[in-house]
Number of protein chains: 2
Amino acid sequence: MSATNPGPALGRQGLQPKGVARRQEILDRAIDVFRERGAYGTSLRRIAEALGVSHAALLHYFDSREQLLVAVYAHAEAQRSAAETESHPGVDGMVHAAMANVEVPGLVELYSTLVAAALDGDDHVGTQFFSQRFERIRERLTAEFTADQEAGRIRDDVPASHLAALLIAASDGLQIQWLLEPSLSLESTLRTFATLLQPAAR
Amino acid sequence: MSATNPGPALGRQGLQPKGVARRQEILDRAIDVFRERGAYGTSLRRIAEALGVSHAALLHYFDSREQLLVAVYAHAEAQRSAAETESHPGVDGMVHAAMANVEVPGLVELYSTLVAAALDGDDHVGTQFFSQRFERIRERLTAEFTADQEAGRIRDDVPASHLAALLIAASDGLQIQWLLEPSLSLESTLRTFATLLQPAAR
DNA sequence: GTCTATACTTTGATAGAC
DNA sequence: GTCTATCAAAGTATAGAC
């Protein structure tokens, strides 16, 4: 998971600089709530209670609960991916990100919950966010894989775009499987995917 | 996704044969509700309304809403996987299953929602169900891949168990990405995974 | 602009009547 | 076995204090 731009529209529009700053405070604190209690029992009132404000106050900065949750996830992702993504490109970066994700309690659960909600037919906040997020990461990985193919570092008999989508899917899916069965090695299983990309030996 | 045994404990215990039959009726009808409205706005009262009963009646057969939803998913999965899985083993079976899943409105959303909830720390009904489901499918695929490796049909320089977990993860993740971006080809992308498994040519 | 107070609606769940 | 009644919690929306 990575992001270079948290994107706009993840909060109520037309806020003053002071309001934007306050919104950051809310997001910072809200993340802690998820670290403590997970994503399940995290109602607006719980988050508000942890912040020492009323739940209605949160809706002054976010149009809905879902918008707040998406903003929280985007904020958490942006906090790390700045340096993380660029330092470890390709498969290696995904391995590092995946391992970092599963160590933050509630983060994968939050991600999975929001993605599931984004699949709903109606237009949710999450639908646009995660569609764009998937597309952005696919494009970045496709470019990297294409370069790898041209340099002969990985096999070139498969479309780079397919490899990009597969790697994202594998990373997301393995994080879930690992949380339900920690005995399987998230790292080595993901690295096996990298092995599959090696050019036909000999 | 596959299942040979829907498993027990997906409904209130100690029901009479007549009650079990009624529970099947409820599940059959509940699936239709998901086909029509998706998983999002599917409350107990909505399902009950479609059945012509009160929401409290549903809770006579299921301990909670989540238990009902898990039973609905297990029922939907069992309906098809009986013949589906055995006729198409290995990667081919997963491709068929994935393509069938995304064509049932709300099914992937229901699956993703329940899996996300199963990640919660507290013991949910879904936690046990999906843990066992993942383990069962991983074991089946691992056995198939191991046989393929011994027969020289796929490369044997990677653990079959890793390939099993990767394939499940890729299938689950790609279904989600496809629902958010139908322009990418679910089938050919998944088949690319099969290509990666081919033994080192030449 | 920021926030509290308050009320409205839906929902999951329980208890007890028939 | 099913219903009605009821409850607590939650998301949402509005009015108004400061």
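Bear in mind the structure is a predicted one, so any value in this text is a computation, not a measurement. Chain letters run A, B, ... following the sequence lines, proteins first, then strands; residues in each count from 1.
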In whole Å, what is the span from the [atom1] atom of [X] to the [atom2] atom of [N]?
X: A/Arg65; N: C/dT11; atom1: CZ; atom2: P; result: 15 Å
X: A/Leu44; N: C/dC8; atom1: CG; atom2: P; result: 20 Å
X: A/Leu69; N: D/dG11; atom1: CG; atom2: P; result: 9 Å
X: B/Leu59; N: D/dT6; atom1: CG; atom2: P; result: 19 Å
X: A/Arg45; N: C/dA5; atom1: CZ; atom2: P; result: 13 Å
X: B/Arg12; N: C/dA13; atom1: CZ; atom2: P; result: 11 Å
X: B/Glu49; N: C/dT10; atom1: CD; atom2: P; result: 12 Å
X: A/His55; N: C/dT2; atom1: NE2; atom2: C1'; result: 15 Å

For a quick test of reading the model: is some side-chain N or O of [X] closer than 4.0 Å to OP1 or OP2 of [N]?
X: A/His60; N: C/dT2; result: yes
X: A/Tyr61; N: C/dC3; result: yes
X: B/Arg22; N: D/dT2; result: yes

Query raised in the report: Should B/Arg22 and B/Glu25 count as an ion pair when the cut-off is N to O under 4.0 Å?
Result: yes

Query - Ion pair check, B/Glu49 and B/Arg45, cut-off under 4.0 Å - result: no

Query raised in the report: Does A/Gln67 use its side chain to pair, donor to acceptor, with the backbone of A/Phe62 at less than 3.5 Å?
Result: no

**Report entry** Donor-acceptor under 3.5 Å (A/His96 side chain, A/Asp92 main chain)
**Finding:** yes

Query raised in the report: Looking across every strand, which nucleic acid part, if any, lies under 4.0 Å from B/Ala57 by heavy atom: base, sugar-phosphate, or nothing?
Result: sugar-phosphate

Report task. Using a heavy-atom cut-off of under 4.0 Å over every strand shown, decide if B/Ser54 touches base, sugar-phosphate, or nothing. Result -> base

